[in-house]
Amino acid sequence: MEAVDGHSKACCNIPPIVAKEYEVKGKYEEIGGLKTYVTGPAGAKAAILIIYDIFGYFPQTLQGADILATSDKNHFYQVFMPDFFEGEPADIAWYVYPPVTEAQKKALGEWFPHRTPPTGVSKIPKIINDIQLKYGKKQWAAVGFCWGGKVVSLSSGPDTLFKVAAQSSPAMIDTEDATKISIPMCMLASQDEAVSDVEGFEKALKGEKHVEIFKDQVHGFMTARGDLEDETVKKEYERGYATLLDFFAKHL
């Protein structure tokens, strides 16, 4: 299991992490009929598609998008975060990882069947085409969180539109997915993913990879469930995004 100490080797300068009341640097646009958070220089030749977790647009996730767009001074990215759930994300008030009460299980059980990862996979070609019609052709990376991680795995096979991909706090880890991945892959797991699943996925990957377990972080630490008022979480949140920047700089 590869480990990274300290910050990314990429020439990046991540701004101070904002724990509360984060003010976004980008803007929401409608692209191809889909609400999309857009951040970073429009003229960038490289782009990152963010596939959020089941909670949708959360301050921690939006701040992460801005970090990816603005922090590496040698590599410029325009970052896009489409609203895959079209205004109907899961409610964090009734969900923990994993669901423990009957009410939580029922709520997730009713929400999930219409929003399985393959529904996200099917939207990606149109999303990228619509973005490029507006902003021009780009070289693409993808990063997915939780649910989005599974979408990334399923979208990274031989016919992928991405040059490199990453996932954090991945959900539904399957070594069979890994055997089909044809591009460099980064996986930043949390303490809540089974170590055997993460290690099996890593072994099944055939190409360039970086796989790491953040052993003291909960599932979702880089997005909606990351408590950025906790100094340890904030430090690991920052290190996670620095690791993504380093990986993208090498492969995009």
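Atoms considered below: every heavy atom in the structure, side chains included; atoms not considered: hydrogens, waters and symmetry mates.
Minimum interatomic distance between Tyr37 and Gly26 (heavy atoms only, all atoms of both residues): OH-N, 2.7 Å. Of all the heavy atoms in Ser156 and Ala165, the pair that sits closest is OG-CB, 3.7 Å. Counting all heavy atoms, side chain and backbone alike, Thr232 lies closest to Asp216 at CG2-OD2, 3.6 Å. Of all heavy-atom pairs between Ser153 and Phe201, the closest is OG-CZ, 3.6 Å. Considering all non-hydrogen atoms of both residues, Pro41 and Ala69 come closest at CD-O, 4.1 Å. Closest heavy-atom contact between Gly109 and Pro113: O-CD, 2.9 Å.
Between Ile128 and Phe162, the closest side-chain pair of non-hydrogen atoms falls below 4.5 Å. Tyr77 places a side-chain heavy atom less than 4.5 Å from the side chain of Leu252. For the pair Ile67/Ile17, a side-chain contact is recorded, criterion being any heavy-atom separation below 4.5 Å from C-beta on. The side-chain heavy atoms of Leu244 and Leu188, taken from C-beta on, include a pair separated by under 4.5 Å. Between Glu86 and Leu34, the closest side-chain pair of non-hydrogen atoms falls below 4.5 Å. With contacts defined as side-chain heavy-atom distances shorter than 4.5 Å, the pair Leu49/Leu161 does not qualify. Using a 4.5 Å heavy-atom threshold, the side chains of Lys150 and Gln167 count as separate. Using a 4.5 Å heavy-atom cutoff, the side chains of Val164 and Phe247 are in contact.
Rounding to the nearest 0.5 Å places NE2 of His210 at 9.0 Å from CD of Glu202. Considering OG1 of Thr179 and NZ of Lys203, their distance stands at 15.5 Å, rounded to 0.5 Å. The line from CZ of Phe221 to CG of Asp227 is 13.5 Å long, rounded to the nearest 0.5 Å. Atom-to-atom distance recorded for His75:NE2 and Lys73:NZ is 13.5 Å, nearest 0.5 angstrom. In this structure, the separation between CD1 on Ile124 and OG1 on Thr160 is 8.0 Å, given to the nearest 0.5 Å. One finds the NZ atom of Lys137 at 10.0 Å from the CG atom of Asn129 (value rounded to the nearest 0.5 Å).
Lys138 contributes a side-chain N or O that, together with a main-chain N or O of Ala44, makes up a donor-acceptor pair within less than 3.5 Å. Between the side chain of Ser196 and the backbone N or O of Ala194 there is no donor-acceptor pair closer than 3.5 Å. Panel note: side chain Lys35, backbone Gly87; no donor-acceptor pair is recorded below 3.5 Å. At distances below 3.5 Å, not a single donor-acceptor pair connects side-chain atoms of Lys206 with backbone N or O atoms of Ile181. At distances below 3.5 Å, at least one donor-acceptor pair connects side-chain atoms of Asp192 with backbone N or O atoms of His219. A donor-acceptor contact shorter than 3.5 Å links the side chain of Gln60 to the backbone of Ala224. Judged by distance alone, with hydrogens and angles left aside, the side-chain atoms of Ser169 form a donor-acceptor pair with the main-chain N or O of Gly220 at under 3.5 Å. No donor-acceptor pair closer than 3.5 Å links the side chain of Ser168 to the backbone N or O of Phe145.
In terms of the ring-ring contact (aromatic ring centres under 6.0 Å, His included) criterion, residue partners of Phe80 (sequence neighbours excluded) are, by chain and number, Tyr135, Trp140. Residues passing the ring-ring contact (aromatic ring centres under 6.0 Å, His included) test with Tyr57, sequence neighbours excluded: Tyr28, Tyr52.
The number of heavy atoms from other shown groups lying within 6.0 Å of NZ (Lys123) is above 12. Within a 6.0 Å radius of CD in Gln132, more than 12 heavy atoms belonging to other residues, nucleotides or ligands are found.
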Open item on the list: Pair Glu88, His114 - check side chain to side chain contact (heavy atoms under 4.5 Å, CB included), show working.
Closed with: CA-CA 11 Å; Glu88 297 183 351; His114 303 292; over 6 Å; no
Open item on the list: Walk me through whether Trp111 and Leu108 qualify under side chain to side chain contact (heavy atoms under 4.5 Å, CB included).
Closed with: CA-CA 5 Å; Trp111 180 89; Leu108 182 62; 4.1 Å; yes
Task: Working for side chain to side chain contact (heavy atoms under 4.5 Å, CB included), residues Val218 and Val233 - done: CA-CA 9 Å; Val218 301; Val233 176; over 6 Å; no
Open item on the list: Using salt bridge (charged side-chain N to carboxylate O under 4.0 Å, His left out), reason through Asp130 and Lys134 one step at a time and then give a plain yes or no.
Closed with: CA-CA 7 Å; Asp130 289 339; Lys134 182 171 184 177; over 6 Å; no
Task: Stepwise salt bridge (charged side-chain N to carboxylate O under 4.0 Å, His left out) check, Glu238 with Lys235 - done: CA-CA 5 Å; Glu238 179 179 1; Lys235 179 180 177 181; over 6 Å; no
TODO: Take Leu154 and Asp177 through the test side chain to side chain contact (heavy atoms under 4.5 Å, CB included) and record every step on the way to the result.
DONE: CA-CA 6 Å; Leu154 296 175; Asp177 296 340; 3.6 Å; yes
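In this structure, Phe76 is not a member of the same hydrophobic cluster as Leu245, with clusters built from ILVMFWY side-chain heavy atoms closer than 4.5 Å. Criterion: ILVMFWY side-chain heavy atoms under 4.5 Å apart, direct or through other members. Under it, Met81 and Leu133 are not part of a common hydrophobic cluster. One hydrophobic cluster holds both Ile50 and Leu228 under the rule that ILVMFWY side chains link at heavy-atom gaps under 4.5 Å.
A donor atom on one side chain and an acceptor atom on the other are not found under 3.5 Å apart for Tyr241 and Asp66. A donor and an acceptor atom, one from each side chain of Ser190 and Glu193, are located under 3.5 Å apart.
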